[in-house]
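Working notes, beginning with the structure itself.
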Amino acid sequence: MTEHAVVIAGGGPTGLMLAGELALAGVDVAIIERRTSQELPGSRAGGLHSRTIEVFDQRGIADRFLSEGQKAQVAGFAGTPLDISDFPTRHPYGLGLWQNHIERILAGWVGELPVTIYRGLDVTGFAQNDRGVDVELSDGTTLRAGYLAGCDGGRSVVRRAAGIEFPGWDATTSSLIAQVEMTQEPELGIRRDARGTHALGKVEYEIHDGEVVYQKGGLVGVMLTEERVGATAEPTLDDLRERLIAVYGTDYGLHSPIWISRFTDATRQAAAYRKGRVLLAGDAAHVHSPVGGQGLNTGVQDAVNLGWKLAQVVHRTAPESLLDTYHAERHPVAARVLRDTMAQVALMRIDDRIEVLRDTVSELLSMDEPRKRFAARMSGLDIHYDLGEGHPLLGRRMPDLDLDTADGALRVFTLLHDARPLLINLGEPGAFDITPWEDRVQVMDAKYDGEWELPALGAVAAPTAVLIRPDGYVAWVGDQTEEGLADALTTWFGPPAAA
Ligand SMILES: Cc1cc2nc3c(=O)[nH]c(=O)nc-3n(C[C@H](O)[C@H](O)[C@H](O)COP(=O)(O)OP(=O)(O)OC[C@H]3O[C@@H](n4cnc5c(N)ncnc54)[C@H](O)[C@@H]3O)c2cc1C
């Protein structure tokens with residue numbers, strides 16, 4: 001039987017990112033993907049938020065995305081734009097880039113790493129015991145894995161087969177989404193009426209000064225709120241035509257659909273992200289309305305949280321209990337995303353009183369403090385893992401500082417490209433001896449004279465040392481002392497090697 005240390009069900013954005021992280025950490029990883037190629041019919045996610053761009057920057061691949069997309073202020077809450085251009089990050093913006101391009105670029109990166117991809121196959125089930133997981137495939141064969149990661153989307157077979165509950169809220173709205181050709185030029189932009197929110201836009205566009213500028217002709221992206229929730233049949237061109245006429249009074253001569261689908265605001269989250277040797281990430285672990293553009297971003301960041309932990313457990317440098325920190329850290333992040341999307345859907349409901357409430361919220365969000373807080377939240381820059389009391393940096397993203405080192409000027413994110421833990425000593429050179437972890441943790445003496453500033457929080461006291469996890473979050477902060485460092489190293493990177 002073919003064996004891999006980790007098998008990932010699903011090669012969408014989450015599965016690809018996880019595979020990349022595991023391969024970087026030297027883990028034998030394979031993806032099982034239903035699609036025969038990375039081609040994605042339709043558009044789905046329209047871009048990346050700032051923290052996801054940072055996460056790609058931590059691996060040295062941000063430029064691949066930035067060179068193809070449109071930088072723009074994309075963060076918002078229930079239609080109120082939230083500007084992050086004054087945020088202390090190298091990427092104080094989001095990126096307009098369709099999901100098919102995001103996946104192609106991610107797959108290109110994964111293709112440069114030792115990752116096996118089995119295409120045109122479904123994971124149909126699995127059986128696990130304390131030694132591994134037998135992953136059943138649609139061609140009747142079985143793969144043996146140490147661990148199975150379900151990155152197989154909202155209808156996850158892995159989640160169901162694991163018997164993990166998916167509690168939440170049923171849909172209250174349903175929308176048709178499609179890409180079609182039209183013989184007439186449609187009314188572009190967003191329309192809100194008694195039937196709901198609808199939008200027509202060109203698939204090819206550019207962003208100039210924060211404004212979307214469409215090309216003439218070409219494919220039209222259509223989004224139409226349906227009359228009723230709960231349709232089960234696949235939507236057709238006739239459904240789309242009927243709804244277009246109901247909303248716009250014309251079908252604009254639509255024809256030749258590339259893709260027609262449906263999305264809802266069903267909101268659910270897996271009760272557990274781990275069951276033994278089986279883990280869930282991305283849409284397999286959480287689904288919600290696309291409003292706010294959080295899904296892909298959350299999935300990619302799930303993968304970056306899980307990858308290095310799973311790699312250490314596979315390599316047996318850390319105990320299996322490290323995997324429980326994945327649920328502990330990422331479940332609350334997605335739970336908040338779910339709440340935020342529910343609030344936004346509620347605020348966008350068509351009702352005069354809700355309209356007034358939305359205006360009120362919008363007014364509040366235009367004030368500086370609320371704007372900063374919500375902008376940090378929607379862009380993912382404020383994520384805080386609860387690692388206990390201490391310096392404000394603890395459990396937060398490490399800023400991408402320009403360090404002065406013996407090797408010259410270096411950015412912190414450059415030092416994270418290999419996805420290895422990093423101890424930066426900003427005090428007396430050579431002050432730290434972490435020999436028992438030297439096989440796992442890089443140590444860098446550096447100087448940094450600038451300000452330490454965190455999004456939404458503002459300036460924080462300069463530490464004399466920081467221990468940074470491979471996902472870019474701060475695991476320990478030093479202030480003239482080594483107190484707690486050995487514990488943090490043991491917690492996150494395993495017990496000290498025997499002398
Ligand atoms: C209209 C719309 C707009 C959106 N806009 C945004 C946005 O602006 N920003 C944002 O961040 N998110 C957005 N999203 C959400 C985003 O598309 C998803 O969150 C994202 O695709 C999740 O990635 P994933 O890899 O977890 O799951 P998926 O993308 O669903 O990938 C799952 C993969 O698993 C494969 N698969 C499924 N079952 C099996 C199986 N049994 N065996 C093998 N392979 C399997 C599938 O073929 C697929 O490739 C939007 C979604 C929609 C519908």
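If you read the sequence from its start, that first residue is 1, and numbering goes on from there. Ligands are counted one by one from 1 in listed order, and the atoms in each one are counted from 1 as well.
- Taking every heavy atom of I32 and a limit of under 4.0 angstrom, the matching atoms of ligand 1 come to 43 (C), 44 (N).
- In summary, the atoms of ligand 1 found under 4.0 Å from a heavy atom of R35, numbered by their order in the structure, are 47 (O), 48 (C), 49 (O).
- For atom 5 (N) of ligand 1, the nearest non-hydrogen atom from the set G47, G282, A45 comes from A45.
- Heavy atoms of S261 found under 4.0 angstrom from ligand 1: none, in either backbone or side chain.
- Listed by number with element, the atoms of ligand 1 under 4.0 angstrom from any heavy atom of I177 are 1 (C).
- Scanning I31, T264, D152 for the heavy atom closest to atom 37 (C) of ligand 1 points to D152.
- Of all atoms in ligand 1, numbered sequentially from 1 with element shown, those under 4.0 Å from a heavy atom of N297 are 9 (N), 10 (C), 11 (O).
- In terms of polar-atom proximity, defined here as any N/O pair under 3.5 Å, L296 does make such a contact with ligand 1.
- For atom 28 (P) of ligand 1, the nearest non-hydrogen atom of the protein is R44 NH1, 3.9 Å.
- By the criterion of a heavy-atom distance under 4.0 Å, the side chain of Q99, and not its backbone, is placed next to ligand 1.
- By the 30° and 60° cut-offs, the orientation of the rings of Y248 relative to H198 is perpendicular.
- Scanning the protein heavy atoms around atom 8 (O) of ligand 1, the nearest turns out to be G46 N, 3.1 Å.
- Judged by the 6.0 Å and 45° rule, R377 forms a cation-pi pair with F374.
- Comment: R64 engages E112 in a salt bridge, judged by a side-chain N to carboxylate O separation of less than 4.0 angstrom.
- Using bins of under 30°, 30° to 60° and over 60° for the plane-to-plane angle, the ring pair H91/Y93 lands in the perpendicular bin.
- What sits closest to atom 38 (N) of ligand 1 on the protein, heavy atoms only, is R34 NH2, 3.3 Å.
- Which parts of ligand 1 touch C151 is read off a 4.0 Å heavy-atom cut-off, strictly below it: atoms 32 (C), 33 (C), 34 (O).
- Heavy atoms only, all atoms of each residue included: V203 and G221 are closest at CG2-N, 4.0 Å.
- The aromatic rings of H327 and Y273 sit perpendicular to each other, their planes meeting at more than 60°, with 30° as the lower class boundary.
- Across G153, A284, G293, heavy-atom proximity to atom 27 (O) of ligand 1 is greatest for G153.
- In terms of protein heavy-atom proximity, atom 34 (O) of ligand 1 is nearest to G10 CA, 3.2 Å.
- Considering backbone and side-chain atoms alike, P290 places every N or O at 3.5 Å or more from each N or O of ligand 1.
- Of the protein's non-hydrogen atoms, V123 N, 2.9 Å is the one closest to atom 42 (N) of ligand 1.
- Looking at every heavy atom in both residues, G47 comes nearest to N297 through O-ND2, 3.6 Å.
- Distance from atom 18 (C) of ligand 1 to its nearest protein heavy atom, with residue and atom name: D283 OD2, 3.4 Å.
- In this structure, R90 is not positioned above the aromatic face of F413 in the sense of NZ or CZ being under 6.0 Å from the six-membered ring centre and within 45° of the axis.
- Applying the ring pair (Phe, Tyr, Trp, His ring centres under 6.0 Å) test to H49 and every residue at least two apart in sequence or in another chain returns nothing.
- Annotation for ligand 1: atoms under 4.0 Å from non-hydrogen atoms of F263 are 1 (C).
- Side-chain contact annotation: D134 with T142, donor-acceptor N/O pair under 3.5 Å absent.
- If you look at P13 next to ligand 1, the close heavy atoms, those under 4.0 Å, come from the backbone and the side chain alike.
- What sits closest to atom 31 (O) of ligand 1 on the protein, heavy atoms only, is G12 CA, 3.6 Å.
- Between E21 and K309 no salt bridge is recorded (no basic side-chain N to carboxylate O distance below 4.0 Å).
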Query - Candidate pair L143 and Y118, rule side chain to side chain contact (heavy atoms under 4.5 Å, CB included), full reasoning - result: CA-CA 11 Å; L143 273 182; Y118 300 96; 4.0 Å; yes
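- R396 meets the side chain to side chain contact (heavy atoms under 4.5 Å, CB included) test with H384, P392, L454, L457; sequence neighbours excluded.
- The number of heavy atoms from other shown groups lying within 6.0 Å of CD (E242) does not exceed 12.
- Among protein heavy atoms, atom 26 (O) of ligand 1 sits closest to T14 OG1, 2.8 Å.
- Atom numbering of ligand 1 starts at 1 in the shown order; those under 4.0 Å from a heavy atom of L121 are 43 (C).
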